[in-house]
Amino acid sequence: MDMAPPTPRDGTERLPVLVFATPAELSRQVARRVRTLVEARAAAGDTAVLGLPTGSTPIGVYQELVRMHRQDRLSFANVVTFNLDEYVPMAPDALQSYHRFMRENLLDHVDIPASQVHIPRGDLDPDETDAYTAEYERAIAQAGGIDLLLLGIGRSGHVGFNEPGATPADRTRLVVLDEITRKDAASDFFEERYVPRQAITMGVGTILDAREIVLVATGEHKAPIVRRAVEGEPAPQVPATYLQLHPNATVYVDQAAASELTRVKTPWLVRRVDWTPGAAKRAVIWLSRETDTAILRLGATDFHRHGLHPLANVRGGVDALCRRVFEDLRQRVVYADKVPRRQRVVVFSPHPDDDVISMGGMLHALAQNENEVTVAYMTNGSVAVFDDDVRRHLRFVEMTRDVLAPEAGQALTDRVNETLQALDAKQPAEVDTPEVQRLKASIRYTEAIAGIEVVGLGAGAARFLDLPFYQTGLVRKNPVSQADVDIVLALLEETRPDHLFVAGDLSDPHGTHRMCYQAIDRALRLYNERFDRESSDEPAPLADGATPQGTALASGAGTRGGGSDPRPLVWLYRGAWQEWEIDRADTFLPLSKAELDLKIEAIYKHESQKDRALFPGAYDDREFWQRARDRNVGTARALEALGLPAFYAVEAFVTVREMP
């Protein structure tokens, strides 16, 4: 096809980008686009040829297509599919096989004939590969070409398995996987060493031959690469940029994945801005960083030289604006003695270490202020435990048999040896037995208790919810069900919390944080509805304690038992993957060096995740305690650069009444 460089959109975007409020809405819209094509081709008596991806991103689309088939009678009888890629070597029935992925997530649930499904084979002999990939290209051509191709995007910018260095001349072929791609895939294989080093993939040229392309991306962790793909020049270092050469390619993203786009992050650089207080605050903070000048030292010249002259002439002028932004930030600093006191608090921790990694300082402050704290560990974290950790704990049990359980005798030793033998016999990337899964969960649980004890909470504060969606033995989880929601709801009804702490970083590469967030959101909506129906008109006595001075609180939202709003206040924290941006945070909790050291000590208690975590993420070689330290110290230094006091470290939170 003829290709020409596109005209940039909105000053910087070289591809059309559609931004959706939530991943669910994005998935519905993509599924509707597929449905429109399928039904139009069926009405004309033709087939619809789809190019399909795998991975976590398209699962929502496939779920919606299955729903359309079951409830709306959408037929796939006239659909022909070609998948993008498959690992090599890979048996089609293996747990990590894309053949199996497609069957489990789409193909087994719709009426598409098996003869119309094409997925690259990963079980070929090496000398068969070239002939097979050429035949795959011919099959696409014989089907009339791909009408609509769905794509995800890797954090290295790959589409399919076209790694950095790919070009538009590439066709379906065998490729060597990039290190980042293998690290991102490590969770599916339990360890990086088990991830295949090769794959068969459609080439960039094959992808660009499709008549329409939809690239889908969700989550904050995809935001930087989305920006490069959309705003950068086409280049082999980021193969997704080649989509700019296509006449009918569109990018579908949720708000999180769009957050680094120029029009979202710094819109004043590309268009006229409605200078709301929030937009003005973001611009002033940005200008302070761009000029390396404290907020209260910014002058009109700084605004004019950086394209902010419209802002310099509104809201009372530069000096008044800078004072307002500075005071806004200063009032969001809340010291430990001013956080909630003698109130009911529930901290939801998706994994058994997110609590101390993300808010260890806040946990210590809550304990010191005599709050009734429940730390609810939502999943057992068993898939993130090395087999060697189980072996070490089993040997401890065996060696202490005569001290702890002398009556157990040889029976205990035999049981330990049986389990050790089962571990030795386990194949690479094989799912653990239920017994081993329970042992690994117990390791995480004991570490969690040790961690909260460091920050001043007792073992009784820990609650292990063990949500069903996680109990697959795999990193890939089941959808959140009503059973998960009911468990969370029961805890809320039991504790009647004044405050909830919830993980608001949805970039967890395993998706667990996002799924836990969904379960809490659904449960909290039901809880608030029930509480509103059951609560009396008379408010309970005012709780003994102060509340943070962030926007959500300063606007008049009280805590349950104290203010006009009976709903619990939700504090969103961020974990091992990122921190809240300065302009978005409502509360900054300063930590002294001693308090940060205490937090790090609590993180150390998670020994199975220390030194070498099973799933550390692809882009960050630091240990989790190092990430927490650097993030908290970095937030403090960022505030200092803006002109605020020089704290040693800072934890940041966003407070809301309804989860966004």
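Along the sequence shown, residues are numbered consecutively beginning with 1. The model shown is predicted, which means the values in this text are computed figures rather than measured ones.
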Heavy-atom closest contact ([X] atom, [Y] atom, distance):
X      : Y      : result
Pro497 : Leu500 : CG-CD2, 3.4 Å
Arg622 : Arg627 : O-NE, 3.1 Å
Ala217 : Lys222 : CB-CB, 4.2 Å
Pro53  : Met102 : O-SD, 3.8 Å
Asp93  : Arg100 : O-NH1, 3.1 Å
Gly381 : Val385 : O-CG2, 4.0 Å

With a 4.0 Å cut-off on N to O distance, would you call [X] and [Y] a salt bridge?
X      : Y      : value
Glu398 : Arg395 : no
Lys440 : Asp389 : no
Arg121 : Glu86  : no
Arg574 : Glu220 : yes
Glu579 : Arg631 : yes
Arg438 : Glu435 : no
Asp353 : Arg444 : yes
Arg28  : Glu25  : yes

Results of side chain to side chain contact (heavy atoms under 4.5 Å, CB included) for Ala365 - residues two or more places apart only:
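Expected list: Ala336, Val339.
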
For a salt bridge (Lys or Arg N to Asp or Glu O under 4.0 Å) check, start with the C-alpha distance between Glu179 and Lys183, then their side-chain angles and the critical distance, and finish with the verdict.
CA-CA 6 Å; Glu179 178 186 9; Lys183 286 184 175 180; 3.3 Å; yes

Looking at [X] and [Y], would you say the former's side chain and the latter's main chain have a donor-acceptor pair under 3.5 Å?
X      : Y      : result
Asn380 : Ser382 : yes
Thr433 : Val436 : yes
His99  : Pro120 : yes
Asp108 : Glu104 : no
Glu595 : His364 : no

Only one of Asn162, Val88, Leu177 forms a side-chain contact (heavy atoms from CB on, under 4.5 Å) with Thr201, so which one is it?
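Looking at Asn162, Val88, Leu177, the match for Thr201 under the side-chain contact (heavy atoms from CB on, under 4.5 Å) is Asn162.
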
Give the ring-plane orientation class for [X] versus [Y], where under 30° counts as parallel, over 60° as perpendicular and anything between as tilted.
X      : Y      : result
Phe82  : His118 : parallel
Phe501 : Trp571 : parallel
Tyr87  : Phe189 : perpendicular

Does Arg391 have any salt bridge (Lys or Arg N to Asp or Glu O under 4.0 Å) partners at least two apart in sequence or in another chain, and if so, which?
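Scan of Arg391 (salt bridge (Lys or Arg N to Asp or Glu O under 4.0 Å), adjacent residues dropped) gives Asp388, Asp424.
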
Partners of Glu658 by salt bridge (Lys or Arg N to Asp or Glu O under 4.0 Å), sequence neighbours excluded?
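Counting only residues at least two positions away or on another chain, Glu658 forms a salt bridge (Lys or Arg N to Asp or Glu O under 4.0 Å) with Arg567.
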
Using the rule given for side chain to side chain donor-acceptor pair (under 3.5 Å), can you reason through Ser481 versus Asp484, listing the C-alpha separation, both sets of side-chain angles and the distance that settles it, and then say yes or no?
CA-CA 5 Å; Ser481 69; Asp484 300 295; 3.2 Å; yes

Going by heavy atoms in the side chains, are [X] and [Y] under 4.5 Å from each other?
X      : Y      : answer
Pro23  : Arg514 : yes
Val390 : Leu420 : no
Ile443 : Phe386 : no

To the nearest 0.5 angstrom, please state how far the [atom1] atom of [X] sits from the [atom2] atom of [Y].
X      : Y      : atom1 : atom2 : answer
Asp85  : Ile119 : CG    : CD1   : 10.5 Å
Gln410 : Asp414 : CD    : CG    : 4.5 Å
Leu404 : Leu412 : CG    : CG    : 9.5 Å
Thr446 : Glu607 : OG1   : CD    : 8.5 Å
Met362 : Leu591 : CE    : CG    : 9.0 Å
Leu439 : Asp387 : CG    : CG    : 11.0 Å

Please check if atom [atom1] in [X] has more than 12 non-hydrogen atoms from other residues, nucleotides or ligands closer than 6.0 Å.
X      : atom1 : result
Arg197 : CZ    : no
Glu623 : CD    : yes
Arg392 : CZ    : yes

Might you work through the salt bridge (Lys or Arg N to Asp or Glu O under 4.0 Å) test for Asp178 and Arg182, ending with a clear yes or no?
CA-CA 6 Å; Asp178 182 87; Arg182 295 184 69 246; over 6 Å; no

Side chain to side chain donor-acceptor pair (under 3.5 Å) between His499 and Gln343, worked out
CA-CA 8 Å; His499 299 269; Gln343 296 188 12; 2.5 Å; yes

From CA spacing to verdict: side chain to side chain contact (heavy atoms under 4.5 Å, CB included), Val195, Gln96:
CA-CA 9 Å; Val195 180; Gln96 297 80 12; over 6 Å; no

Between Thr181 and His158, is any side-chain donor less than 3.5 angstrom from a side-chain acceptor?
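A donor-acceptor contact under 3.5 Å links the two side chains.
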
Verdict with reasoning, Lys605 to Glu447, per side chain to side chain contact (heavy atoms under 4.5 Å, CB included):
CA-CA 6 Å; Lys605 296 301 181 181; Glu447 292 172 346; 5.5 Å; no

Stepwise, does the side chain to side chain donor-acceptor pair (under 3.5 Å) test hold for Gln63 with Ser27?
CA-CA 9 Å; Gln63 289 173 342; Ser27 295; over 6 Å; no

Criterion side chain to side chain contact (heavy atoms under 4.5 Å, CB included) on Leu52 and Leu84, from CA distance to verdict:
CA-CA 6 Å; Leu52 300 179; Leu84 281 155; over 6 Å; no

Audit row: Met378, Ile520, side chain to side chain contact (heavy atoms under 4.5 Å, CB included) steps and yes/no
CA-CA 10 Å; Met378 303 186 72; Ile520 298 168; 3.6 Å; yes

Worked verdict on Tyr377 versus Phe464 for ring pair (Phe, Tyr, Trp, His ring centres under 6.0 Å):
CA-CA 5 Å; Tyr377 298 101; Phe464 302 105; 5.4 Å; yes

Does Lys610 make a cation-pi contact with Phe624, if we ask for NZ or CZ under 6.0 Å from the ring centre and within 45° of the axis?
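Verdict for Phe624: no cation-pi partner in Lys610.
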
Is the Tyr604 to Trp625 ring centre distance short of 6.0 Å?
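That pair passes the under 6.0 Å test.
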
